[in-house]
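The basis for the numbers below is simple: all heavy atoms, side chains too, and nothing from hydrogens, waters or symmetry mates.
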Amino acid sequence: ANRTGATARTLGCCLNQVLRVSEAESSTTVAQLIGEVDRQTRASRPHDWLPLSTLMHETGRPTGSVPATEVAFSWQKSVRLVDPSLARSLALGDRSLDRDRESVAAASMPVRSSPAAVTLIGAGDGGSVTLALEYQVERFARSSIELLGERLTRVLRASIIDPDVPVDDVDLIGSDQRERQRSEFGTLASTTATSTVSDLVDERMAASPDSVAIRHRGRRVTYAELGRRTDRIAEVLAAVDGDDPLGVLTSRSVDMVAAVLAVWRSGRGFVPLDPSYPAARLGDMIGDAGVSCVVVDATTVGAAELVDVLERPSLTVVDLDDVPDDPPTATDGLDRTERAVRPASSARPDGLAHVYFTSGSTGRPKGVAVTQASLAGFLRSMCERIELDQNDVVAASTTLSFDPALLELVGTLVVGGEVLLIDRDTVVDPVLFGRALGQATLVQATPTVYRMLIENGWTGHDRLAILCGGEPMTPQLAADLSVR
């Protein structure tokens, strides 16, 4: 079976993964996409002997624990279904050559070990085709794979009936799922489509001006104080020319949060720039996102390792330490209705909220842009799902360059809760971090962080809700967290 050279006399099953990368515009038809995949497959046949690991190494791509692809396809002589009762027949419709003979059966196959997260296995004899989804049970629930199978058969049916349909027009969901979307998410979608995150935070600042918004290093900042600081920074940022996103390169502080809110009020989106990142990566992010202005503070503007980043000829730098505060007692003693009216936010629902970059673990980091309305919908949905409200104290421990930080920082402000802003030095010390969590009612972290806490004697408390994500969670860790 294609054995040459060193493998010519090797016994056993020798398989090699062959990568395929296909791109399709919204107007590309199903037939055109299939034709392109077929062309790529035929063109690569002379090279399919090349081991994937060698290809990854020679092209400078990372190897090891990071898979080359999450989805694989394998055509075999036959498919043995783990549970034949899961098979679903698919009538191919009027485009079938022989409607009485041709059919597709799809089923799910749970496995413990697989080179890809999901593998589509196909087999057929010309009269019928059987498809099976082989998947890693530690990563997917059976119900999720069954839903994927339903959508796959829906795509196949639509594609065979009309191969000239554009890929964007292929309907992935059925009428029952569409009705669920309308009933469960319709109200939320209609309200957030005209909302901005900036407006949601402003509403809370007006409703609860004297409540504590942020606690940091023993300092308590009210919503009114945060609003005043945000407005002063926004005034400065509004004078910056252009409409490109603004970089936020600051230490963890109240001003970091105010800067993000100020960027939105000025009508722009932000790009989080982590001071701990290498200068070369920060420079690439600034260039890729088209950032022409970066917000800094005393800690970052004076960092030697950031000099090359901040001295780019085309870059404007705004130092938060040069932005004066309003008098701290400007509204003290006034009734809520007598407080000064804040200037209107320039944020728009369809405007940019942020550009977050991927980790780059599978290649060059890529920027992902999200609108104000989308972020507002996400935050509202999450807050409702985890029942976050004004009585919560949320531990903000995630770096701003990782988008879950927005739930901690901004989602908390949207519902009128209190942000417990935790420094990086505390987060990396399991004893100090565990002690800080004694003041919180909600924390989110990765399994790695929770294991570190538990191994260092953290016991939690009965008022603390725990969110866990970013990595696979083991049953043992889930059990350990459930008693804390």
J.: Measure across S22 and L33 and return the closest heavy-atom pair with its distance rounded to 0.1 Å.
T.: CB-CD1, 4.4 Å

J.: Would you say the side-chain atoms of T426 and D423 include a donor-acceptor pair closer than 3.5 Å?
T.: no

J.: I need the minimum non-hydrogen distance between L246 and V263, along with the two atoms involved.
T.: CD1-CG2, 4.1 Å

J.: Test side chain to side chain contact (heavy atoms under 4.5 Å, CB included) on L409 and L421 and set out the steps.
T.: CA-CA 8 Å; L409 298 172; L421 190 59; 3.9 Å; yes

J.: Does any part of the side chain of S276, heavy atoms only, come nearer than 4.5 Å to the side chain of R424, both counted from C-beta?
T.: no

J.: Roughly how far, to the nearest 0.5 Å, is the CZ atom of R451 from the CD atom of Q476?
T.: 11.0 Å

J.: Would you call V414 and V201 a side-chain contact if the rule is heavy atoms closer than 4.5 Å?
T.: yes

J.: Rounded to the nearest 0.5 Å, what's the gap from CG on L282 to OH on Y277? Could you check?
T.: 8.5 Å

J.: Using only atom types and a distance under 3.5 Å, with no angle test, would you say the side chain of S74 pairs donor to acceptor with the backbone of I121?
T.: no

J.: Examine distances only and state if a side-chain atom of S198 and a backbone atom of S345 form a donor-acceptor pair shorter than 3.5 Å.
T.: no

J.: Please give me the minimum heavy-atom distance between I422 and V427, naming the atom from each residue.
T.: CG2-CG2, 3.8 Å

J.: Could you walk me through whether L120 and V118 pass the side chain to side chain contact (heavy atoms under 4.5 Å, CB included) check?
T.: CA-CA 7 Å; L120 176 62; V118 178; 6.0 Å; no

J.: Tell me, do P365 and D284 make a side-chain contact under 4.5 Å, heavy atoms counted?
T.: no

J.: Does F402 offer a backbone N or O that forms a donor-acceptor pair with the side chain of T399 under 3.5 Å?
T.: no

J.: Short question: side chain of D244, backbone of S292 - any donor-acceptor pair under 3.5 Å?
T.: yes

J.: Checking D389 side chain against N391 main chain: does a donor-acceptor pair fall under 3.5 Å?
T.: yes

J.: Hey, what do you get for CG (L407) to SG (C383), rounding to the nearest 0.5 Å?
T.: 6.0 Å

J.: Is there a side-chain contact between C468 and P447, using heavy atoms and a 4.5 Å cut-off?
T.: yes

J.: Between Q40 and E36, is any side-chain donor less than 3.5 angstrom from a side-chain acceptor?
T.: yes

J.: For the pair R265 and L261, evaluate side chain to side chain contact (heavy atoms under 4.5 Å, CB included) and give the outcome as yes or no after the intermediate values.
T.: CA-CA 6 Å; R265 285 187 65 80; L261 300 179; 5.6 Å; no

J.: Contact between L481 and M473 at the side-chain level, heavy atoms closer than 4.5 Å - yes or no?
T.: yes

J.: Could you pull out the closest heavy-atom pair between D480 and R484, with the gap in Å?
T.: O-NH1, 2.7 Å

J.: How long is the gap from CD1 on I386 to CD1 on I466, to the nearest 0.5 Å?
T.: 13.0 Å

J.: Please examine the side chains of Y450 and V443, heavy atoms only from C-beta on, and report whether any two atoms are closer than 4.5 Å.
T.: yes

J.: Does any non-hydrogen side-chain atom of R20 lie less than 4.5 Å from one of T41?
T.: yes

J.: Please answer whether the main-chain N or O of G242 pairs with a side-chain N or O of R268 as donor and acceptor at a distance below 3.5 Å.
T.: yes

J.: Check this for me, if you would: do E146 and R142 make a salt bridge, where the nitrogen-to-carboxylate-oxygen distance has to be below 4.0 angstrom?
T.: yes

J.: Return the OH to OG distance between Y356 and S401, rounded to the nearest 0.5 Å.
T.: 7.5 Å

J.: Under the side chain to side chain contact (heavy atoms under 4.5 Å, CB included) test against L379, which residue among V415, L413, V410 passes?
T.: V410

J.: Taking the side chain from S159 and the backbone from V155, do they hold a donor-acceptor pair closer than 3.5 Å?
T.: yes

J.: Of all the heavy-atom pairs spanning L352 and P245, show the shortest one and how long it is.
T.: CD2-CB, 3.8 Å

J.: Shortest non-hydrogen contact from Q439 to L420?
T.: CB-CD2, 4.0 Å

J.: What verdict does the side chain to side chain contact (heavy atoms under 4.5 Å, CB included) test give for I286 and V271, after you've listed the backbone C-alpha separation in whole Å, the side-chain angles of each residue and the deciding distance to 0.1 Å?
T.: CA-CA 8 Å; I286 289 172; V271 180; over 6 Å; no

J.: Does any N or O in the side chain of Q372 come within less than 3.5 Å of the main-chain N or O of A347, such that one atom is a donor and the other an acceptor?
T.: no

J.: Measuring only between side-chain heavy atoms, which start at C-beta, is L406 closer than 4.5 Å to T398?
T.: no

J.: Output the distance between atom CZ (R463) and atom CG (L442), rounded to the nearest 0.5 Å.
T.: 12.5 Å

J.: Crowded around D169 CG? As in, over 12 foreign heavy atoms under 6.0 Å?
T.: yes

J.: Can any side-chain N or O of D392 pair as donor or acceptor with the backbone N or O of V394 at less than 3.5 Å?
T.: no

J.: Check each of V291, L273, L400 against V248 using the side chain to side chain contact (heavy atoms under 4.5 Å, CB included) test, and report the only one that passes.
T.: L400

J.: Is a side-chain donor or acceptor of T358 paired with a backbone partner of K366 at a separation under 3.5 angstrom?
T.: yes

